[in-house]
Amino acid sequence: MGPRVVPFVTSLMADHARQIKDGRVPDDDGTVEVHAAATQRLLHTSRARSIGTDVQEPIANLLERAAATGHGSSGIAGVIETITKGERNA
């Protein structure tokens, strides 16, 4: 990561932590469904180019589970419900 990316990611993670703490997960930075679709595209492209998907697959799985259990229109921090409650596809 470049020197400008690290502060951005740190800030983003802090924002998401605040959202989770406050119980409010706005979709300002995209919904779970948007992130799930983007991750699926990344998986497809990686596989087509014989690039490993060890990192993307668990993320895609988490996003798909979150969407399937009713958090698709939540902001990305909404995946916390799936993580903490161990929600599985219905």
Side-chain angles (χ1 to χ4, degrees):
M1 282 192 214
R4 288 186 248 164
V5 173
V6 173
F8 169 73
V9 171
T10 302
S11 171
L12 193 59
M13 296 306 288
D15 286 344
H16 290 162
R18 272 191 297 280
Q19 291 173 8
I20 291 166
K21 182 180 176 202
D22 294 344
R24 188 184 72 78
V25 289
D27 63 1
D28 300 350
D29 56 356
T31 64
V32 167
E33 289 173 340
V34 166
H35 286 279
T39 304
Q40 286 300 322
R41 180 67 183 153
L42 179 61
L43 279 170
H44 173 77
T45 301
S46 295
R47 289 177 182 134
R49 297 187 177 182
S50 299
I51 298 171
T53 58
D54 295 348
V55 173
Q56 303 97 308
E57 286 178 2
I59 294 168
N61 184 9
L62 174 62
L63 292 166
E64 291 296 325
R65 285 183 15 233
T69 55
H71 305 290
S73 61
S74 297
I76 189 67
V79 300
I80 194 65
E81 296 296 320
T82 302
I83 293 168
T84 60
K85 294 179 180 175
E87 294 176 338
R88 299 281 179 213
N89 292 348

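What's counted below: heavy atoms across the whole structure, side chains too, no hydrogens, waters or symmetry copies. Not measured: the values here are computed from a predicted model.
Between the CD atom of Q19 and the CD1 atom of I80 there is a distance of 11.5 Å, given to the nearest 0.5 Å. With rounding to the nearest 0.5 angstrom, the CD1 atom of I76 is 13.0 Å from the CG atom of D28. Note that the CG atom of D27 and the OG atom of S74 stand 8.5 Å from one another [nearest 0.5 Å].
Of all heavy-atom pairs between A36 and E64, the closest is CB-OE2, 3.5 Å. The heavy-atom pair separating S73 from T31 by the smallest distance is O-CG2, 3.7 Å.
Under the rule for a salt bridge (Lys or Arg N to Asp or Glu O under 4.0 Å), the partners of D15 that lie at least two apart in sequence or sit in another chain are R18. By the salt bridge (Lys or Arg N to Asp or Glu O under 4.0 Å) test, K85 is found to be paired with E81, residues two or more places apart in sequence or in another chain being considered.
Hydrophobic cluster membership is shared by L62 and V32, with clusters built from Ile, Leu, Val, Met, Phe, Trp and Tyr side chains linked at under 4.5 angstrom. In the hydrophobic clustering of ILVMFWY residues, with side-chain heavy atoms under 4.5 Å counting as a link, L42 and V55 come out apart. A single hydrophobic cluster is not seen to contain both I51 and L43; linkage of ILVMFWY side chains at heavy-atom distances under 4.5 Å, directly or through other members, places them apart.
No hydrogens or angles considered: nothing links the side chains of D29 and H35 as a donor-acceptor pair under 3.5 Å.
Side-chain contact between T82 and H71: present, with at least one pair of heavy atoms (C-beta onward) separated by less than 4.5 Å.
Contacts classified as side-chain hydrogen bond (donor to acceptor under 3.5 Å, both in side chains) and involving residues 36-47 (residues at least two apart or in different chains) are given here: S46-Q56, R47-E57.
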